[in-house]
Amino acid sequence: GGGVKRYTSNTNGGPVFVYVKDGKIIRITPIDFDEEDADPWVVKARGKDFSPPKKTTVSPHTLAWKSMIYSPNRLLYPMKRVDFDPNGERNPQNRGISGYERISWNEALEIVANEIKRVKREHGPGAIMNGSGSHHTWGALGYWLSARLRFFNSIGWTPVVHNPDSWEGWFWGATHHWGQSARNGGSEFYNLVEDCLQNCEMMVFWSSDPESTSGVYGASEGTIRRQWLKELGITLVHIDPYYNHTVGLLGGKWLAPKPGTDSAMVLAIAYVWITENLYDKDYIDKRTTGFEKWRDYILGKEDGSKKTPEWQEQETGVPAKDVRALAREWGRKKTYLAAGGIAGFGGACRTATGTDWARGMVCLMAMQGLGKPGINMGSMQQGTPVDTRFYFPGYAEGGMSGDIFGTGNFLNLYQRMPNIVTMNTVKQGVPRLKIPEAIMDGHCEAYNADATTIEGQFIPLKYPTPGYSPVKMYYKYGGSHIGTMVDTNRYINMYRSDRLEFVVNQSIWFEGEAQFADVILPACTNFERWDISEFANCGGYIHHSFTQVNHRVAVLQHKCIEPLGESKSDIQIFLELSKRLGLGSVFSEGSTELEWCKRLFDGTDLPHNIPWKKFLKKGYYVIPPLPEDRRDPVSFRWYADGRPKDTPEPFPAPSDYTEEYRMGLQTQSGKLEFESSSLKRYDPNDPERPPIMKYNPAWEGPHATELFAKYPLQLVSPHPKFTFHTQSDGKDSIINDIKDHRILINGHYYWIIRINPQDAAARGIKENNLVKAFNDRGAVICAAQLTERIPPGTVHSYESSAVYKPVGEPGKSPDLGGCVNLLTPSRMMIKKSHGMAANSCLIEITNWSGEESV
Amino acid sequence: MKKWHLIIDVEKCVDCNNCFMSCKDEHVDNDWPGYTRPQPRHGHRWINIMRAERGQYPLVDVSYRPTPCMHCEDAPCIHASKGSITKRADGIVMIDPVKAKGQQELINACPYQAIWWNQEQDVPQKCTLCAHLLDQGWKQPRCVQACPTSALRAVCADDTEMSRIYTAEKLEVLKPEANTQPSVFYKNLYRFNKCFIGGSIAANQKGIVDCIEGAKVTLLQGKDKLTETLTDNFGDFKFDQLAENSGKYVIQVQMPGFPAAEVTLELTSSKNIGTIYLS
Ligand SMILES: Nc1nc2c(c(=O)[nH]1)N[C@H]1C(S)=C(S)[C@@H](COP(=O)(O)OP(=O)(O)OC[C@H]3O[C@@H](n4cnc5c(=O)[nH]c(N)nc54)[C@H](O)[C@@H]3O)O[C@H]1N2
Ligand SMILES: Nc1nc2c(c(=O)[nH]1)N[C@H]1C(S)=C(S)[C@@H](COP(=O)(O)OP(=O)(O)OC[C@H]3O[C@@H](n4cnc5c(=O)[nH]c(N)nc54)[C@H](O)[C@@H]3O)O[C@H]1N2
Ligand code: SF4
Ligand code: SF4
Ligand code: SF4
Ligand SMILES: [Ca+2]
Ligand SMILES: [Ca+2]
Ligand SMILES: [Mo+4]
């Protein structure tokens with residue numbers, strides 16, 4: 001009424017109603033379901049019925065979208081750097097300095113199309129590099145794994161190859177003990193909520209703060225389920241250097257190891273179990289291999305050092321008595337291990353010892369009988385009894401990309417939504433963590449993160465590939481890397497070199513890397529275009545990720561308003577460039593964005609349940625949960641019972657079973673391997689990744705003696721609670737007003753760094769003082785928050801600032817924006833990987849007096 | 001007559017700020033004529049989330065207390081307003097955006113600091129309980145709708161029903177001494193206005209230090225025994241809901257097979273007394 005129309009859309013933090021009046025968005029709310037929507041599931045456990053409310057929840061960043069759409073930092077028209085002339089002086093050294101002028105779309109598209117042609121003509125295939133963030137505005141069509149791939153595959157490109165950032169230690173480590181490669185080494189999670197409510201007696205949150213991270217994309221859906229844990233009186237333990245928001249809400253015992261030392265605690269827990277007979281010997285006999293080797297190492301038979309709780313205390317700083325008490329309780333009780341915000345994440349997996357930690361998580365569960373009732377992995381964040389059989393693709397299934405090899409397209413979507421296949425003919429890639437080295441040194445090396453099988457990660461990724469051109473043009477999609485990659489002054493210095501002949505940035509907001517481009521193409525948000533998607537369904541590496549939510553919700557994302565200014569949808573931008581390259585109908589197949597939505601809709605199971613017209617009008621459909629007797633089997637129960645695998649996932653591939661199909665795990669023995677056969681086959685003498693999990697002190701941490709003397713504070717930089725990475729930060733978003741996000745001092749919103757009062761006192765630092773956090777890699781100005789939530793010696797500041805605002809010369813002066821990743825190390829977590837160890841970072845902090853130098 | 005109330009459970013608040021964000025989403029850039037002018041993009045906190053940390057590493061807890069206008073029965077802001085602030089029949093206290101123009105002094109009239117000055121619009125502003133939405137038939141205000149933990153509840157009830165809830169749920173109000181009779185009630189406010197004494201019990205047995213589970217810990221003040229508890233498997237104990245600056249306390253620890261121990265302390269604010277070793 002009142003001229004107000006209610007549309008639907010979807011975000012990284014849940015689906016929403018969007019209220020529009022006179023072509024302007026006036027409010028964005030969570031979705032309250034109506035009478036005709038399906039009722040929620042009920043879990044019966046311990047004499048009670050547990051059922052979630054009939055509505056969706058959202059994350060705080062979702063509620064900030066209106067302020068992000070109408071942000072003064074929106075790019076509203078194409079721009080060109082004032083001293084960039086594609087036919088004359090290009091002045092690459094002035095990137096980030098010289099400023100921009102408005103140009104027409106015609107001019108912008110002409111420059112970009114001509115540059116695409118020119119670099120291919122002058123340098124040959126491979127000269128164009130493109131990369132995006134790991135995330136995007138929500139929607140299966142608009143996603144970076146969809147339209148963007150279709151376009152770049154059509155022109156031939158050197159892709160920026162992602163490291164498995166969310167998983168790191170799990171991918172490069174845990175995989176070798178239990179397979180799970182298709183999940184990047186993470187756990188599966190079917191029907192765990194029911195099992196946990198019925199059987200679990202204790203939950204150990206280890207590097208896990210789902211109340212801040214929502215698993216991933218899970219809005220606040222898991223919160224009520226964790227409140228049930230509290231209601232049931234389940235024993236809770238939290239192992240995290242920060243007294244995080246999950247322990248803050250739920251309570252329980254808090255143990256705060258020094259960052260990157262967790263693997264010592266793992267060994268000590270196993271030591272107590274071994275010496276006090278608190279592990280599952282029958283399971284070890286039947287379901288595992290290599291236990292004796294690990295046991296002997298733990299008992300000190302290999303290196304003469306017993307991995308006792310006292311031994312770990314020297315490393316972790318956590319009292320031996322507490323670790324012994326934890327181990328005993330865990331051994332006695334049926335325990336869920338919540339390792340990471342979803343089992344397969346966790347800040348600890350992004351340390352120099354991340355592989356050891358993740359390996360340790362699997363080994364500990366193997367000792368306790370993974371898969372038996374009440375013994376599993378997770379934090380109630382995943383495994384709700386929703387219907388996993390109803391088909392709707394996640395964004396990683398590639399939308400309209402037509403890319404069968406580079407996405408999860410082959411799984412289901414391609415067969416269901418016929419479209420022209422696209423394929424990149426450039427067999428060259430640049431590892432994301434080494435983009436600066438690729439450009440500045442002309443060569444670099446890392447390892448492929450091929451998740452199809454365990455051995456996929458042993459294949460080196462070398463740049464350049466023989467016969468291809470080095471990268472000359474960087475077409476950057478989004479601009480997050482200064483806030484999200486590691487040792488990021490490297491990226492800034494790269495932008496300012498003449499080795500990149502041309503840089504174009506396609507972004508929604510003027511922030512981060514956008515300010516280093518020659519030409520800027522303004523994209524619109526998903527509220528300004530059509531799309532289609534499902535709540536928390538990313539697919540790909542998190543197959544069935546929607547079991548994080550209480551109700552599966554498929555959403556038709558309405559074009560709520562016209563694109564602001566002259567901004568255009570990414571799809572439209574790619575289409576117009578395609579037209580200039582003779583690729584117009586190859587790109588669009590003659591379909592409009594809304595028609596693509598319909599094509600995707602027709603490929604899902606939705607048409608059986610709701611007609612297109614109704615879906616289009618109502619905007620969403622709640623996929624009903626299965627009746628109780630048809631719920632999925634519990635993850636790993638089949639394994640514990642010695643039955644064929646019965647959980648609904650299509651991996652491992654048939655060829656990856658050693659003997660009979662569906663019998664056993666992906667490992668060579670088909671069992672949980674304490675001593676890894678894949679590592680034995682590949683490199684049994686690698687000291688960083690030996691066949692059994694061992695304690696390796698972090699290369700940046702208290703054992704790095706010289707560095708530690710100079711920079712005695714260990715910085716952890718976890719995922720920001722209030723913004724989804726860089727997406728909702730900065731840009732004058734209302735998120736900036738959140739007290740625990742940024743602090744307004746002298747007219748600028750400063751990023752927060754959290755420090756124990758003792759460390760602060762020793763440095764004369766008081767609450768809200770502006771401080772300089774620094775090391776040899778750079779300096780960041782933050783506002784200090786004094787708190788007992790972090791132990792002395794450790795400091796805490798979230799990663800992913802969207803704002804990069806150097807005091808002086810870019811890349812060489814302190815940053816007022818809060819990009820703490822300027823300080824994190826770029827060394828690979830282990831040499832044979834492509835993995836970041838951002839949480840192994842030594843710094844010093846002093847009060848800041850306004851000086852410009854680092 | 002039924003009136004609107006908010007019930008806020010401090011123990012359930014996880015500092016997600018969904019309430020704060022939805023309040024801004026509803027009021028920033030939106031004019032609700034007859035209710036309130038647009039809220040400025042930054043600076044106002046119509047629902048102000050306060051943080052309280054108690055204790056010392058590693059025995060700490062943290063709590064959040066969302067604080068909107070209390071929609072008082074006896075509102076000092078109304079008395080100070082020369083008619084520009086009124087209480088509606090449904091309990092909502094409203095600042096008339098036209099009549100209150102220029103009345104900057106009103107921000108000092110509220111004992112809860114719930115009124116904010118809008119420089120641009122030249123008006124004082126505060127939480128309207130989303131009256132413009134309730135009047136359109138919304139069942140709850142924006143902040144309540146967006147709260148994932150049920151830390152916020154909106155209750156429309158008459159006085160008898162509300163006083164029943166008040167007693168049944170052990171509700172409290174902020175600053176009772178201000179005598180404004182708030183319509184906003186709190187649960188578990190002790191996390192803000194009371195403190196705890198916590199600690200750990202351990203013993204060295206044959207060279208190994210272990211946590212002592214099941215030790216009896218007694219809290220005394222002078223000779224009065226106040227309460228007792230048993231330590232958990234980490235040897236931890238916690239006495240909560242003690243008044244700040246409440247003087248000298250004695251803690252006695254007993255565990256069969258170990259010598260008793262006693263600690264005395266002067267309580268100012270929440271205190272982690274550390275580990276007591278029984279040997
Ligand atoms: N220190 C530290 N660093 C970390 C981590 C850590 O734990 N500690 N975690 C790592 C992890 S797990 C991750 S996933 C990465 C994330 O790092 P990134 O993926 O780099 O971060 P995002 O902010 O998600 O980047 C998305 C970018 O895409 C842009 N974008 C979004 N939607 C659109 C769109 O519709 N069109 C266009 N054109 N652009 C769009 C956004 O504006 C943004 O610039 O960070 C990693 N970095
Ligand atoms: N609001 C919000 N939600 C998000 C994201 C976001 O940016 N914002 N990002 C999403 C993405 S892409 C991902 S991958 C997930 C990430 O999810 P996670 O990887 O689970 O999240 P993190 O915040 O990196 O780490 C969780 C906890 O690990 C702790 N930690 C750090 N180092 C160590 C250590 O050495 N040892 C131990 N024991 N603990 C440590 C941190 O203090 C933190 O509380 O979150 C997703 N959800
Ligand atoms: S809380 Fe303050 S502004 Fe609200 S009614 Fe009471 S006195 Fe008035
Ligand atoms: S009731 Fe409405 S105006 Fe008041 S704090 Fe909540 S959202 Fe803001
Ligand atoms: S929405 Fe609820 S849980 Fe979140 S901060 Fe507000 S009151 Fe607390
Ligand atoms: Ca057990
Ligand atoms: Ca295999
Ligand atoms: Mo991630």
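Treat the numbers as computed from the prediction; the structure is a model and nothing was measured. Chain letters run A, B, ... following the sequence lines, proteins first, then strands; residues in each count from 1. These values consider heavy atoms only, across backbone and side chains, with no hydrogens, waters or symmetry-generated copies.
- Heavy atoms of A:Ser728 lying under 4.5 Å from chain B are absent altogether.
- Remark: the A:Asn768 side chain and the A:Tyr750 side chain contain no N/O donor-acceptor pair separated by less than 3.5 Å.
- Within the 4.5 angstrom heavy-atom criterion, no atom of A:Leu744 approaches chain B.
- Annotation: maximal heavy-atom pairing with chain A below 4.5 Å, among B:Gln136, B:Arg54, B:Glu53, occurs at B:Glu53.
- Within the structure, no pair that satisfies the side-chain hydrogen bond (donor to acceptor under 3.5 Å, both in side chains) test touches residues 265-279 of chain B, not counting sequence neighbours.
- Looking only at atom types and distance, the side chain of B:Gln140 has no donor-acceptor partner in the side chain of B:Arg153 under 3.5 Å away.
- Contact count versus chain B (heavy atoms, under 4.5 Å) is highest, among A:Pro791, A:Ser59, A:Ala320, for A:Pro791.
- Heavy atoms of B:Ser63 lying under 4.5 Å from chain A are absent altogether.
- B:Asp15 has no carboxylate O lying under 4.0 Å from a charged side-chain N of B:Arg51, or vice versa, which leaves the two without a salt bridge.
- For A:Val237, the part lying near chain B is the side chain, with the backbone staying farther off; criterion is any non-hydrogen pair under 4.5 Å.
- Neither the backbone nor the side chain of A:Ser212 comes within less than 4.5 Å of any heavy atom in chain B.
- Contacts between B:Cys19 and chain A at a heavy-atom distance below 4.5 Å are absent for every atom of the residue.
- The salt bridge (charged side-chain N to carboxylate O under 4.0 Å, His left out) contacts involving residues 24-33 of chain A comprise A:Arg27-B:Glu26, where partners must be two or more places apart or lie in separate chains.
- Between A:His61 and A:Phe724, the ring planes are perpendicular. Angles over 60° get that label, and only those under 30° would be called parallel.
- Note on ring orientation: taking the six-membered ring where Trp is involved, the planes of B:His27 and B:Trp46 are tilted (angle from 30° to 60°).
- Between B:Phe237 and B:Phe239, the ring planes lie tilted relative to each other; the angle falls in the 30° to 60° range.
- Only the side chain of A:Pro792 comes within less than 4.5 Å of a heavy atom of chain B; its backbone N, CA, C and O stay farther away.
- Contacts with chain A were tallied for B:Tyr57, B:Phe20, B:Tyr64; B:Tyr57 has the most, counting heavy-atom pairs under 4.5 Å.
- Judged purely by distance below 3.5 Å, without hydrogens or angles, the side chains of A:Lys55 and A:Asn550 never pair a donor atom with an acceptor atom.
- The cationic group of A:Lys54 does not satisfy the cation-pi geometry with A:Phe33, failing either the under 6.0 Å distance to the six-membered ring centre or the 45° limit from the ring axis.
- In terms of heavy-atom pairs under 4.5 angstrom with chain A, the leader among B:Arg45, B:Glu11, B:Lys12 is B:Arg45.
- For A:Asp740, the part lying near chain B is the side chain, with the backbone staying farther off; criterion is any non-hydrogen pair under 4.5 Å.
- Using modelled atom types and a 3.5 Å distance limit, the side chains of A:Glu211 and A:Thr223 yield a donor-acceptor pair.
- With salt bridges taken as basic N to acidic carboxylate O contacts below 4.0 Å, none links A:Asp209 and A:Lys721.
- Counting heavy-atom pairs closer than 4.5 Å to chain B, the top-ranked of the candidates A:Lys253, A:Lys230, A:His741 is A:Lys253.
- Contact tally against chain B (heavy-atom pairs below 4.5 Å) for A:Ile735, A:Asn756, A:Asn736: the top residue is A:Ile735.
- Neither the backbone nor the side chain of A:Leu250 comes within contact range of chain B; no heavy atom of the residue lies under 4.5 Å from a heavy atom of that chain.
- For the residue pair A:Ser67 / B:Lys24, no side-chain donor-acceptor distance below 3.5 Å is found, with atom types taken as modelled.
- Looking only at heavy-atom pairs under 4.5 Å with chain B, the residue among A:Thr246, A:Ile224, A:Asp322 that has the most is A:Asp322.
- In this structure, the portions of A:Thr29 lying under 4.5 Å from any heavy atom of chain B include both its backbone and its side chain.
- In terms of heavy-atom pairs under 4.5 angstrom with chain B, the leader among A:Gln785, A:Lys21, A:Gln758 is A:Gln785.
- Looking only at heavy-atom pairs under 4.5 Å with chain B, the residue among A:Ile28, A:Thr57, A:Thr235, A:Leu326 that has the most is A:Ile28.
- Only the side chain of B:Leu133 comes within contact range of chain A, with heavy atoms under 4.5 Å apart.
- Interface residue A:Arg789: backbone and side-chain heavy atoms are both found under 4.5 Å from chain B.
- Contact count versus chain A (heavy atoms, under 4.5 Å) is highest, among B:Asp236, B:Asp232, B:Val62, B:Val28, for B:Val62.
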